[in-house]
Amino acid sequence: MSEERTPGFDTLAIHAGAQPDASTGARATPIYQTTSFVFDDVDHAAALFNLETFGNIYTRIMNPTQAVLEERMAALEGGTAALAVASGHAAQAVVLHTLMEPGAEFVAGRQLYGGSINQFGEAFKKFDWHVKWADTTNAESFRAAITPKTKAIFVESVANPGGIITDIEAVAAVAKEAGVPLIVDNTLATPYLLKPKDYGADIIVHSLTKYLGGHGNSIGGMIVDCGTFDWMASGRYPSISAPCESYHGMVLGETFGNFAFAIAARVLGLRDLGPAISPMNAFLILTGIETLPLRMQRHCDNALAVAEWLTSHDKVSWVNYAGLPDNQFYQMARRYCPKGAGGVFTFGLKGGYEAGIALVGKVQLFSHLANIGDTRSLIIHPASTTHRQLADDARARAGAGDDVVRLSVGLEDVGDIIADLDQALEAV
Ligand SMILES: *Cc1c(COP(=O)(O)O)cnc(C)c1O
């Protein structure tokens, strides 16, 4: 490849971060299934532990298979560095561990993945971290929730399962004015459809479990440092801007500049909280990413066809897919993800809760389960499953009312997908 040519997205999805293995020539990235790595000598060991040289010590903190996955994701999102962790939830916990102190607050759009609502609202309370909820569809509501204790703003780019396309640029303006970083969960869009950094995100998190892995076989998470936030100027994030006791007083923000956040998340958050991804899962997810552009486009095309078909079905009261021209987020989708509005959407059944339960019991090609972003078509009735632990009003606000059915449209022949829904709806 010539020096001056910038590789395209599809090329990066296959090659970024990877080289034939230096010792064996293996073309696919090997699974470095080892806990630890031998030091060259005592000085080398000391330099590694002092963060004076980069290198592998122990797979909880860093591993060569994970490193390829990290470099690839940083390249696809346009970030300066990235950190792979055990799950999407681990990514969120490690990011906030790096930013928060006891008593601190962050503002999150309330239209989130159900598990994130629990993590933010319940689990994080035990760390004395407090979420203030805003309305994802209204950037002003984020401004209203900011206080002197606010350390970050968190949104999903495409909100699951409400079908919301977030006006990231408007929320980023609020974050900038407040002097706090904007964290964007880009799981549903993936960088193939939308790159949050282009609209002002400072940190991107992913559940790799979904479209990036893409085959429903591995749990993983990713943190991408966009390199855009000035931690030293802010001074409000001591993990990055204050002398670090466990590294002989090193100031990570001074030493590591525009990738200091990723380093802090690794050498403090991941090191001490411990949610490392296994080399095997990193390998499977890397393999998935190679075909991300092809898969993501087909997911979008199939989802649009299924959504259009459902629109005219007499047992369906509404279809909420931002790819449909009459959808309230259609213009936002055109602006933020013109290649397609993703593979997940919801629709309403005239028969309500009972019809929802009946439908998930009748499908055959679709799998009834709590995941999205698999090659296979997936279906769930959120009110009776993923969102059942929430109170009725919180459920409705999260876009998971009684009549709601969520589809994650897979890569099967679209005629077969529609035929399966047709027979199942017939029987409802
Ligand atoms: C699944 C998901 C998560 C959590 O990821 P895990 O890998 O299951 O921990 C977070 N955000 C979104 C949008 C998700 O879909």
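The first residue of the sequence shown is numbered 1, and numbering continues consecutively from there. Indexing begins at 1, ligand by ligand and atom by atom, following the structure's order. FYI, side chains are in, hydrogens and waters are out, and symmetry mates aren't considered; it's all heavy atoms of this structure.
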ask   = Any nitrogen or oxygen of Ile219, main chain or side chain, under 3.5 Å from a nitrogen or oxygen of ligand 1?
value = no

Ligand 1 atoms in contact with His89 (distance to a heavy atom under 4.0 Å) = 4 (C), 5 (O), 6 (P), 9 (O)

ask   = When the aromatic ring centroids of Phe261 and Phe229 are compared, is their separation below 6.0 Å?
value = no

ask   = Does the side chain of Gln111 pick up a donor-acceptor pair with the side chain of Thr137 at under 3.5 Å?
value = no

key: Per-atom contacts, ligand 1 versus Ser87 - under 4.0 Å to a heavy atom   = 7 (O), 9 (O)

message = Quick check: Glu156 and ligand 1, any N/O pair under 3.5 Å apart?
response = no

Those atoms of ligand 1 less than 4.0 Å from some heavy atom in Lys210 = 1 (C), 2 (C), 3 (C), 14 (C), 15 (O)

Heavy atom of the protein closest to atom 6 (P) of ligand 1 (residue, atom name, distance) = Gly88 N, 3.3 Å

ask   = For ligand 1, is there an atom lying under 4.0 Å from some heavy atom of Gly220?
value = yes

request  = Compute the ring centroids of Phe154 and Phe120, then answer whether they are less than 6.0 Å apart.
outcome  = yes

message = Pairing donors with acceptors under 3.5 angstrom, does anything connect the side chains of Trp318 and Asp403?
response = yes

ask   = Nearest protein heavy atom to atom 11 (N) of ligand 1, by residue and atom, and its distance?
value = Asp185 OD2, 2.7 Å

ask   = Judged by non-hydrogen atoms, does Gln92 sit under 4.0 Å from ligand 1?
value = yes

ask   = Do other residues, nucleotides or ligands put more than 12 heavy atoms under 6.0 Å from Lys362 NZ?
value = no

Six-ring centre of Phe9, Lys195 cation under 6.0 angstrom, axis tolerance 45° = no

ask   = Of the non-hydrogen atoms in Tyr32 and Pro64, which two are nearest, and what is the gap between them?
value = CD1-CB, 3.4 Å

